[in-house]
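Have a look at the structure below, then the notes.
The first residue in the sequence is number 1, and the count goes up from there.
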Amino acid sequence: MIYKKDANFPYPILTNTSNAYKNSRFHLTVGLDEMGNNYCFEPNYDISSDFIKSQIESKEAGLILVVQNKDTKFYEIDNTEKIVRIPKERISIKDRTVIQLLIKAKKDIAFLDNEDLNDFYEHFKENIEVPKNSILGFSNIITLNVIKKPSELFEKKIDPNLKGPFEIELSSETIILKFKNEDYQFVDIPNNRDLNNAYIREGLSRAVINFVINNGDDNVVDINSIELPENELDIKLYNLMKSRNVNEVSLENIDEIVNTIGNNIIEKFTNAVRGLYNGN
């Protein structure tokens, strides 16, 4: 199951909000790519407890990746795995897919040597033993807002009244690529993993700059601390950055961020924009 709020356990548990540990932190970020017939998850986590980390490293505790949409899937992963490949036929990734990482005991675990607990447990922690298959901790929840069609992010318009051959307009939901006429459309784009489409790159850059202005203090946005933006286009960019493990975006690193959020989806963007050029 997905733990969306603190749950009561008969023993100390590690979460980002628990008072059971002196420094309670179990923070998860997840990258998601598509590679052939597989979804590739890149889970990155930060655990504050040395005791819990030692249980994972010794294989006495394990990590469970939980993916929830209409149904819930559980995937046991090794702590040395950088990428978790899951066949697309086994899992459904849709808008608002929810992901969480659990720590599960693989044997009975005594807490006598757990020096990370707060002082409340000091005098009776020798009596704490977590049974096999019990939850030792759960991370924050990652919500994926998957952009399946780049036309959800980009749209194209022909406007013969433009002063120049090309303009970019940001609506509340999309990046609009505006052309003076059909002849100015940049349609001959090789499919590769580089953001070599100047129009798409410029549109993304303009949108990210606007994102920083709308959501940042002193032209810097801490992605992990801000609330979900209100603007629909900003929500899409926010989720793209979260899915690519972007922690901070500023006016100083726009090019880096554009490359990061565009990596692995550029082929979709270019193909979709070709379709827009052709009126599809």
Side-chain angles (χ1 to χ4, degrees), residues 25 27-35 39-46 81-84 93 97 99 139-140 142-156 166-177 186 189-273:
R25 185 178 67 258
H27 184 75
L28 172 70
T29 59
V30 176
L32 174 61
D33 296 327
E34 294 183 42
M35 188 174 296
Y39 287 114
C40 297
F41 292 89
E42 300 176 54
N44 294 280
Y45 54 90
D46 180 21
E81 286 185 274
K82 299 299 183 183
I83 298 178
V84 181
I93 301 295
T97 294
I99 296 175
S139 75
N140 56 300
I142 301 293
T143 301
L144 297 178
N145 189 3
V146 181
I147 296 178
K148 289 186 174 296
K149 297 179 180 179
S151 54
E152 297 174 20
L153 187 61
F154 289 94
E155 61 178 303
K156 185 270 292 188
F166 172 74
E167 286 185 8
I168 292 171
E169 179 181 317
L170 301 180
S171 75
S172 61
E173 297 183 357
T174 59
I175 302 167
I176 303 172
L177 308 179
F186 186 45
I189 310 164
N191 285 330
N192 57 43
R193 297 170 67 87
D194 299 321
L195 282 172
N196 60 348
N197 184 327
Y199 296 153
I200 292 177
R201 182 184 180 86
E202 185 177 348
L204 276 173
S205 295
R206 189 82 59 85
V208 174
I209 289 171
N210 200 59
F211 177 91
V212 173
I213 294 171
N214 290 343
N215 301 281
D217 294 324
D218 297 325
N219 294 326
V220 177
V221 180
D222 184 340
I223 298 298
N224 296 317
S225 66
I226 66 169
E227 296 182 358
L228 190 69
E230 296 181 2
N231 179 282
E232 183 64 28
L233 177 56
D234 282 353
I235 291 174
K236 294 174 183 178
L237 294 172
Y238 170 84
N239 283 301
L240 277 174
M241 286 188 274
K242 288 284 284 187
S243 71
R244 295 304 305 156
N245 297 326
V246 172
N247 296 315
E248 183 179 282
V249 55
S250 71
L251 297 183
E252 303 298 324
N253 67 348
I254 296 297
D255 288 343
E256 176 187 345
I257 298 303
V258 168
N259 282 324
T260 299
I261 65 175
N263 192 27
N264 297 316
I265 57 175
I266 183 59
E267 183 173 341
K268 288 184 179 180
F269 281 3
T270 53
N271 285 337
V273 173

How far does CD1 of Ile142 sit from CZ of Phe41, to the nearest 0.5 angstrom? 11.5 Å
Taking only residues two or more places apart in sequence or in another chain, which ones pass side chain to side chain contact (heavy atoms under 4.5 Å, CB included) with Ile209? Ile213, Leu251, Ile254
Approximate separation, where rounding is to 0.5 Å, of Phe211 CZ and Asn231 CG: 9.5 Å
What residues form a side-chain hydrogen bond (donor to acceptor under 3.5 Å, both in side chains) with Asn44, not counting sequence neighbours? none
Nearest heavy-atom neighbours spanning Ser171 and Leu233: O-CD2, 3.8 Å
If I take atom CD1 from residue Ile176 and atom CD1 from residue Ile168, how far apart are they, to the nearest 0.5 angstrom? 11.0 Å
Hits for side-chain hydrogen bond (donor to acceptor under 3.5 Å, both in side chains) against Asn253, two or more places apart or cross-chain, chain-then-number order -> Ser250
Taking the side chain from Asn210 and the backbone from Arg206, do they hold a donor-acceptor pair closer than 3.5 Å? no
side-chain hydrogen bond (donor to acceptor under 3.5 Å, both in side chains) partners for Asn140, two or more places apart: none
Does Glu169 have any salt bridge (Lys or Arg N to Asp or Glu O under 4.0 Å) partners at least two apart in sequence or in another chain, and if so, which? Lys178
Looking at every non-hydrogen atom in both residues, tell me the closest pair between Pro229 and Asp234 and how far apart they are. CB-CB, 3.6 Å
So do Thr260 and Met241 actually touch side chain to side chain, heavy atoms under 4.5 Å? no
Distance, nearest 0.5 Å, that separates CG of Leu177 from CD of Glu202: 9.0 Å
State which residue, out of Leu237, Val208, Val258, Asn215, fulfils the side chain to side chain contact (heavy atoms under 4.5 Å, CB included) condition with Val249. Val208
Heavy atoms only: give me the nearest Leu170-Gly203 pair and the separation to one decimal. CD2-O, 4.5 Å
Identify each donor-acceptor pair in which a side-chain atom of residues 217-225 lies under 3.5 Å from a protein atom, sequence neighbours left out, and give them as a table.
{"unit_1": "Asp222", "atom_1": "OD1", "unit_2": "Asn224", "atom_2": "N", "d": "3.1"}
{"unit_1": "Asn224", "atom_1": "ND2", "unit_2": "Asn247", "atom_2": "OD1", "d": "3.0"}
{"unit_1": "Ser225", "atom_1": "OG", "unit_2": "Asp222", "atom_2": "O", "d": "3.3"}

How far does CG of Leu240 sit from CD1 of Ile235, to the nearest 0.5 angstrom? 12.0 Å
Minimal non-hydrogen separation, Ile257 against Glu248, with atom names: CD1-O, 3.8 Å
